[in-house]
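Here's the structure we're looking at; comments come further down.
Count residues from 1 along the sequence.
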Amino acid sequence: MPGSIEPLDLCNVQVPYYFRCPISLELMRDPVTVSTGQTYDRTSIESWAATGNTTCPVTRAPLSDFTLIPNHTLRRLIQDWCVANRAFGIERIPTPKQPAEPGMVRSLLSQASTVSNPFSVRHSALVRLKGLARESEKNRNVICSHEAREILMRILFSDVSSGSSELSQEALAVLVMFQLTESECTGIGSDSNRVVYLSELLFHSSIEVRVNSASLIETVLAGMRSSDLRAEICNVDEIFAGVTDILKNLSSYPRALRIGVRALFALCLLKQTRHKAVQAGAAETLIDRLTDLDKCDAERALATIELLCRIPSGCSAFASHALTVPLLVKTILRISDRATEYAAGALMALCSESEQSQKDAVSAGVLTQLLLLVQSDCTDRAKRKAQMLLKLLRDSWPEDSIGNSDDFACSEIVPF
């Protein structure tokens with residue numbers, strides 16, 4: 001089969017067939033050899049195996065196991081060839097990092113979890129695990145396959161008064177890189193001591209610890225079905241204050257903004273505790289940070305704004321901010337269909353409660369935006385909200401303006 005492959009043209013340079021993966025026919029970046037002796041690019045053969053194939057793609061012989069042995073010699077030859085042809089625009093492929101060895105991962109987890117080990121040994125093991133987890137998804141999968149989440153949660157929620165707080169914080173940094181199961185989320189959310197501890201970490205002197213705590217809180221809230229447990233978590237005043245403070249004071253850290261918005265959205269999904277977000281200053285903070293967010297985070301921020309506009313105190317807080325209405329009007333048709341829905345819904349709530357908001361919306365050019373929205377290819381929900389808002393603001397339009405006044409019901413927030 002390899003002999004039948006025609007030379008590949010790359011930057012007008014013919015690539016030798018034995019440098020090409022027999023599956024993808026592309027230049028190999030991480031060549032590995034399987035049990036039949038054939039060599040493939042790691043990504044290609046892993047995808048082949050992931051789809052349920054149990055034979056060698058070239059020989060069709062059964063694979064006795066799926067151990068992938070790095071072909072360092074071939075990889076170096078490919079790198080040398082790239083360097084030799086760099087004058088033609090060929091870039092040298094980087095030396096790939098190999099996935100973490102399962103044996104090493106087991107050893108690190110054992111060192112970290114053994115209470116009798118010296119602090120330095122346990123701490124070093126956690127730091128190494130964090131480094132491995134950050135390197136690649138493959139490493140995270142290897143770590144996760146060794147009951148790492150259970151071990152990390154035990155370390156995280158151990159008695160911090162014994163001087164192991166640094167261990168807890170390192171365990172937290174590793175744990176937030178994994179998706180927790182529902183039972184694991186319930187195990188955290190149902191323990192008031194654990195919830196209080198996480199709320200305290202939101203005010204830690206370390207930015208990383210604060211953001212990691214907010215991340216775990218968001219994961220737990222999103223991973224639980226029990227509304228009663230979610231309510232217990234949201235009833236902790238410090239959580240709203242801590243998450244809002246992250247958004248307010250750590251705006252120069254992209255990860256802090258992203259996690260803060262996600263956590264605040266998860267907290268505000270529960271209607272009975274939204275007033276706590278308003279009391280913590282979430283309304284003002286969301287408006288102040290809206291222009292700093294990328295598309296996905298802006299969608300969540302706008303969804304949170306609409307949720308908070310559904311309670312009287314939220315409406316009042318947003319209406320009192322001079323930039324709220326102009327920003328919401330400007331957002332329509334600017335970010336995404338989903339963001340447009342949320343912005344229109346928030347404007348509908350504000351204009352229903354405040355004549356000043358109606359005047360501000362008109363002054364900001366909402367008429368043009370809504371008419372464009374109704375005629376656009378956006379979602380039906382966004383159009384319904386636009387039509388409702390046009391009807392509400394009919395008396396505020398200039399005399400020569402005509403709005404569509406069809407009466408539709410406001411739709412619900414779509415969970416992320």
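- Atom NZ of Lys248 has 12 or fewer heavy atoms from other residues, nucleotides or ligands within 6.0 Å.
- Under the 4.5 Å side-chain criterion, counting only non-hydrogen atoms from C-beta, His72 is in contact with Arg76.
- The line from CG of Leu286 to CZ of Arg289 is 10.0 Å long, rounded to the nearest 0.5 Å.
- Other residues, nucleotides and ligands place more than 12 heavy atoms under 6.0 Å from the CD atom of Gln272.
- Inter-residue side-chain proximity for Cys56 and Tyr40 is flagged as met; some heavy-atom pair is nearer than 4.5 Å.
- By the 6.0 Å contact criterion, CZ on Arg128 is open, its count of non-hydrogen atoms from other residues, nucleotides or ligands being 12 or less.
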For Lys271 and Arg310, run side chain to side chain contact (heavy atoms under 4.5 Å, CB included): C-alpha distance rounded to whole Å, both residues' side-chain angles, the deciding distance at 0.1 Å, then the answer. CA-CA 9 Å; Lys271 183 176 181 179; Arg310 294 181 182 179; 5.9 Å; no
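- Ile305 places a side-chain heavy atom less than 4.5 Å from the side chain of Ile287.
- Enclosure of atom OH in Tyr253 is not indicated, since only 12 or fewer non-hydrogen atoms of other residues, nucleotides or ligands lie within 6.0 angstrom.
- Between the side chains of Asn71 and Thr39, at least one donor N or O sits under 3.5 Å from an acceptor N or O.
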Trace of the salt bridge (Lys or Arg N to Asp or Glu O under 4.0 Å) decision for Glu306 with Lys385: CA-CA 12 Å; Glu306 185 179 0; Lys385 291 181 180 181; 3.1 Å; yes
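- Between Leu201 atom CG and Glu208 atom CD the span is 12.0 Å, to the nearest 0.5 Å.
- Remark: the backbone N or O of Cys268 is not paired with any side-chain donor or acceptor of Thr273 at under 3.5 angstrom.
- The two atoms that bring Ile151 and Leu109 nearest to each other are CD1-CB, 4.0 Å, heavy atoms only.
- Of the possible donor and acceptor atoms, one in the side chain of Thr219 sits under 3.5 Å from a partner among the backbone N and O of Ser215.
- Under the 4.5 Å side-chain criterion, counting only non-hydrogen atoms from C-beta, Ser158 is not in contact with Val115.
- Ser199 contributes no side-chain N or O that, together with a main-chain N or O of Ile239, makes up a donor-acceptor pair within less than 3.5 Å.
- Inspection of the Ser336 and Glu299 side chains reveals an N or O donor paired with an N or O acceptor under 3.5 Å.
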Check the pair Cys351 / Leu389 against side chain to side chain contact (heavy atoms under 4.5 Å, CB included), numbers first and verdict last. CA-CA 8 Å; Cys351 291; Leu389 192 50; 4.1 Å; yes
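- Between Cys21 and Met28 the shortest heavy-atom distance is N-CG, 3.4 Å.
- Side-chain atoms of Gln79 come within 3.5 Å of backbone N or O of Ile93 as a donor-acceptor pair.
- Considering all non-hydrogen atoms of both residues, Ile23 and Pro57 come closest at CD1-CG, 3.8 Å.
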Under the criterion side chain to side chain contact (heavy atoms under 4.5 Å, CB included), I'd like the reasoning laid out for Arg300 against Arg262: C-alpha separation, chi angles, the key distance, then a yes or no. CA-CA 7 Å; Arg300 282 192 173 84; Arg262 290 175 64 97; 3.2 Å; yes
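- A donor-acceptor pair under 3.5 Å is formed between the side chain of Gln369 and the backbone N or O of Ile332.
- Taking the side chain as every heavy atom from C-beta outward, Val261 and Leu247 approach each other to under 4.5 Å.
- Listed here is the closest heavy atom pair of Arg29 and Arg75: O-CG, 4.2 Å.
- Side chain of Ser376 to main chain of Leu373: a donor-acceptor pair is present (N/O by atom type, distance under 3.5 Å, no hydrogens or angles).
- Rounding to the nearest 0.5 Å places CD of Glu284 at 9.5 Å from OG1 of Thr244.
- Across all non-hydrogen atoms, the minimal contact from Phe240 to Cys234 is CE1-O, 3.0 Å.
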Derivation and outcome, side-chain hydrogen bond (donor to acceptor under 3.5 Å, both in side chains), residues Thr379 and Glu341: CA-CA 8 Å; Thr379 64; Glu341 289 177 25; 2.5 Å; yes
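- Looking at Ile90 and Leu27, their side chains never come closer than 4.5 Å, going by heavy atoms from C-beta outward.
- Within 6.0 Å of CD on Glu135 lie more than 12 heavy atoms contributed by other residues, nucleotides or ligands.
- Between the Ser213 side chain and the Val209 main chain, no donor and acceptor come within less than 3.5 Å of each other.
- Checking side-chain atoms of Ser363 against main-chain N and O of Lys359 turns up a donor-acceptor pair under 3.5 Å.
- In the displayed structure, Glu147 atom CD is contacted under 6.0 Å by at most 12 heavy atoms of other residues, nucleotides or ligands.
- Here the side chain of His146 pairs a donor or acceptor atom with the backbone of Val142 at under 3.5 angstrom.
- Between the side chains of Ser107 and Gln111, a donor-acceptor pair is found at a separation under 3.5 Å.
- Side-chain N/O atoms of Glu26 and Ser44 include no donor and acceptor closer than 3.5 Å.
- Note that CG of Leu302 and CG of Asp297 are 11.0 Å apart. Values are rounded to the nearest 0.5 Å.
- Side-chain contact between Ile207 and Ile246 is absent, with no heavy-atom pair separated by less than 4.5 Å.
- The structure places CG of Asp41 at 6.0 Å from OG of Ser24, a figure rounded to the nearest 0.5 Å.
- If you run salt bridge (Lys or Arg N to Asp or Glu O under 4.0 Å) between Glu184 and each of Arg194, Arg149, Arg154, only Arg149 comes through.
- Using a 3.5 Å distance cut-off with no hydrogens or angles, the side chains of Asn53 and Thr51 do pair a donor with an acceptor.
- The structure places CZ of Phe265 at 6.0 Å from CG of Leu307, a figure rounded to the nearest 0.5 Å.
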Test Leu126 against Arg122 for side chain to side chain contact (heavy atoms under 4.5 Å, CB included), laying out the working first. CA-CA 6 Å; Leu126 287 170; Arg122 301 182 67 190; 5.5 Å; no
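- Other residues, nucleotides and ligands contribute at most 12 non-hydrogen atoms within 6.0 Å of the CZ atom of Arg86.
- The two residues Val243 and Ala263 have their closest heavy-atom pair at CG1-CB, 4.0 Å.
- The shortest side-chain heavy-atom distance between Asn212 and Leu216 does not fall under the 4.5 Å cut-off.
- Residue pairs meeting the side chain to side chain donor-acceptor pair (under 3.5 Å) criterion with at least one partner in residues 311-331, sequence neighbours excluded, are Asp288-His321.
- Judged by distance alone, the side chain of Asn235 and the main-chain N or O of Ala231 form a donor-acceptor pair under 3.5 Å.
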